[in-house]
**Q** 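Please see the structure below; I have some questions.
Hydrogens, waters and symmetry mates are skipped; everything else that's a heavy atom, side chains included, is used.
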Amino acid sequence: MEPFHRHEALFHYDCLANKAAAEVIKSYSSSFHAATCLYPTQIRQDIRNIYAVVRIADEIVDGTVDQALQGSPTTALDKYEKLVLEAPQHRFHTDLILHAYANTARRCELSNEHMKAFFRSMRMDLGKTDYTGPELADYIYGSAEVIGLICLDIFFQQYPKPDSATWQRLQDGAKRLGAGFQKANFLRDYTDDVTIRGRYYYTELATDSANEAYERIIQEIYSDFAFAEEVLKFLPNRVQPAVRAALRIYDQLAQQLAENPAAVLGNSAERARLSVPKLTKAGVLTRCIAEFGYGAIHQKLQQNPRRKHNP
């Protein structure tokens, strides 16, 4: 008889990989981490596994490789893209993040085309400093909109896919939500992008018409969020609380940006990286649970009605 631990080894390694991926999102994005706590267990982990992979790619292009003095970021990104695209073909990886991602990609039958689009945008960051309108649209599609599409594939791996018309609306909503998140990030991180990375995603913010451009971008963000809000009702009920929580947390960030343009456009003393306070995030999560259901909490209570659960 084989030792019991041999049968448990891969399961244990899968769990370890999932924990590693969860730590990435917890460390880099408290807003998204908080919102993911409301997903049903498997979806929550799959979303975190995706985030971990794209976060590492972000680190490659944002200077971590340069600081490590380990060769060219372009070479590092090319190698990482190859590893990511090939990862689902293998059941075991020595890299815990790739291992977690591969499990998600196989289970949810994720499209490599989406990941290729993401890496195309990451590659743009290695060679561009100023983004024109069409270039920015391409960048936002690959860096943010396809992430929304990937999330849709994860959601509907466990639930029946709707009719084609509804599916198209959901895809449009997912892209608009991702775009809104990215635009808010551009404004929030404007100072760091310009002074540290030398990137101008919105070149008009460095011109005499900066104030008008800033207001236009704010209105675009609100429009993206309003469109996504209308479409969210077509999502499976158990994923709605988490998605709505993420949207509302970012809506709070957009409101801060709208009310404090000097934090982005002001002089060096006025500029600041705005963020949503923890108490505000907690309030958003609580309201989403009350309004739209319990998501992961409800699922766990149904499975274990006598056990307490702390998501």
Side-chain angles (χ1 to χ4, degrees), residues 5-68 70-71 73 76-112 114-115 118-119 122 143-144 146-148 150-151 153-155 157-158 181 185 239 242-243 245-246 249 278 281 285 295-297 299-300 309-311:
H5 70 83
R6 289 189 181 178
H7 298 285
E8 295 295 307
L10 186 57
F11 173 78
H12 178 76
Y13 193 81
D14 287 342
C15 292
L16 179 62
N18 288 340
K19 289 179 181 178
E23 282 300 311
V24 174
I25 191 172
K26 185 177 180 180
S27 175
Y28 281 98
S29 179
S30 58
S31 295
F32 284 128
H33 178 265
T36 60
C37 291
L38 302 187
Y39 282 121
T41 304
Q42 186 59 67
I43 291 177
R44 177 173 71 231
Q45 190 59 64
D46 287 330
I47 296 296
R48 290 175 175 178
N49 291 350
I50 294 298
Y51 180 93
V53 163
V54 301
R55 181 65 248 179
I56 290 172
D58 277 337
E59 288 301 300
I60 291 173
V61 302
D62 281 349
T64 305
V65 171
D66 282 332
Q67 290 183 22
Q70 297 243 180
L77 189 67
D78 290 344
K79 289 181 178 179
Y80 192 59
E81 179 180 15
K82 186 174 186 293
L83 289 171
V84 170
L85 295 179
E86 293 177 352
Q89 301 171 27
H90 308 286
R91 185 61 183 89
F92 175 81
H93 297 271
T94 55
D95 182 317
L96 288 170
I97 301 304
L98 283 178
H99 186 88
Y101 166 76
N103 285 344
T104 290
R106 279 193 306 273
R107 180 172 50 253
C108 300
E109 299 180 336
L110 300 183
S111 168
N112 264 357
H114 288 153
M115 292 307 298
F118 168 75
F119 277 98
M122 293 300 97
S143 66
V146 297
I147 305 303
I150 289 171
C151 289
D153 288 337
I154 291 173
F155 297 158
Q157 190 275 335
Q158 293 192 26
F181 287 162
N185 287 339
V239 306
V243 180
I249 289 171
K278 290 182 179 180
K281 293 177 186 176
L285 296 179
I297 300 172
Q299 181 191 50
K300 192 70 174 180
H309 176 61
N310 183 16

**Q** Which heavy-atom pair separates Ala22 from Gln45 by the least distance, and what is that distance?
**A** N-NE2, 4.4 Å
**Q** Is there a donor-acceptor pair closer than 3.5 Å between any side-chain N or O of His93 and the backbone N or O of Ala87?
**A** yes
**Q** What I'd like to find out is whether the side chain of Leu83 reaches to under 4.5 Å of the side chain of Asp95, using heavy atoms alone.
**A**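 Contact flag for Leu83/Asp95 side chains = no.
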**Q** Compare every heavy atom of Ala21 with every heavy atom of Asn49, then report the nearest pair and how far apart it is.
**A** OD1-CB, 3.2 Å
**Q** If we only count heavy atoms from C-beta on, is the Glu81 to Met122 side-chain gap below 4.5 Å?
**A** no
**Q** If I take atom CD1 from residue Ile56 and atom OG1 from residue Thr64, how far apart are they, to the nearest 0.5 angstrom?
**A** 10.5 Å
**Q** Quick check: closest heavy atoms across Ile60 and Pro73, and the distance to 0.1 Å?
**A** CG2-O, 3.6 Å
**Q** Can you name the nearest heavy-atom pair linking Ser29 to Tyr51, along with the distance?
**A**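 Closest heavy-atom pair between Ser29 and Tyr51: CB-OH, 3.4 Å.
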**Q** On a heavy-atom basis, which atom in Ala57 and which in Phe118 lie closest, and how many Å separate them?
**A**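 Shortest heavy-atom separation between Ala57 and Phe118 comes out as CB-CE2, 3.5 Å.
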**Q** Any side-chain heavy-atom pair from Phe155 and Asp46 closer than 4.5 angstrom?
**A** no
**Q** Quick check for you: to the nearest 0.5 Å, what is the distance between Thr104 atom OG1 and Asn18 atom CG?
**A** 7.0 Å
**Q** With no hydrogens and no angle check, do the side chains of Asp153 and Gln157 hold a donor and an acceptor under 3.5 Å apart?
**A** no
**Q** Is there a donor-acceptor contact under 3.5 Å from the side chain of Arg106 to the main chain of Pro88?
**A**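 Checked: pair present.
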**Q** Between SG of Cys37 and NZ of Lys26, what distance do you get to the nearest 0.5 Å?
**A**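 Rounded to the nearest 0.5 Å, the SG-NZ separation comes out at 9.0 Å.
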**Q** Locate the shortest heavy-atom distance separating Leu285 from Ala35; write the atom from each residue and the value.
**A**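 It is CD2-CA, 4.1 Å.
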**Q** What's the separation between atom CG in Leu96 and atom CG in Leu16, rounded to the nearest 0.5 Å?
**A**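 The CG atom of Leu96 sits 5.0 Å away from the CG atom of Leu16.
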**Q** Side chains of Met115 and Leu110: does their closest heavy-atom pair fall under 4.5 Å?
**A**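 Heavy-atom side-chain distance check fails, nothing below 4.5 Å.
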**Q** Parallel, tilted or perpendicular: which fits the ring planes of Phe32 and Phe181, with parallel below 30° and perpendicular above 60°?
**A**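 The rings of Phe32 and Phe181 stand perpendicular, inter-plane angle above 60°.
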**Q** Is any side-chain heavy atom of Val84 closer than 4.5 Å to one of Phe119?
**A**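 Answer yes - side chains close enough.
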**Q** Are Asn103 and Asp14 close enough that a side-chain donor and a side-chain acceptor fall under 3.5 Å?
**A**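 Result is yes, a qualifying pair exists.
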**Q** Do Val243 and Tyr39 have side chains that get closer than 4.5 Å, going by heavy atoms?
**A** yes
**Q** Got a salt bridge between Glu23 and Lys19, using NZ or NE/NH1/NH2 to carboxylate O under 4.0 Å?
**A**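 No salt bridge links Glu23 with Lys19.
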**Q** Measure the SG-CD1 distance between Cys108 and Ile50 for me, rounded to the nearest 0.5 Å.
**A** 7.5 Å
**Q** Nearest 0.5 Å, what's the NE2-NE2 distance between His90 and His99?
**A**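 That separation rounds to 13.0 Å.
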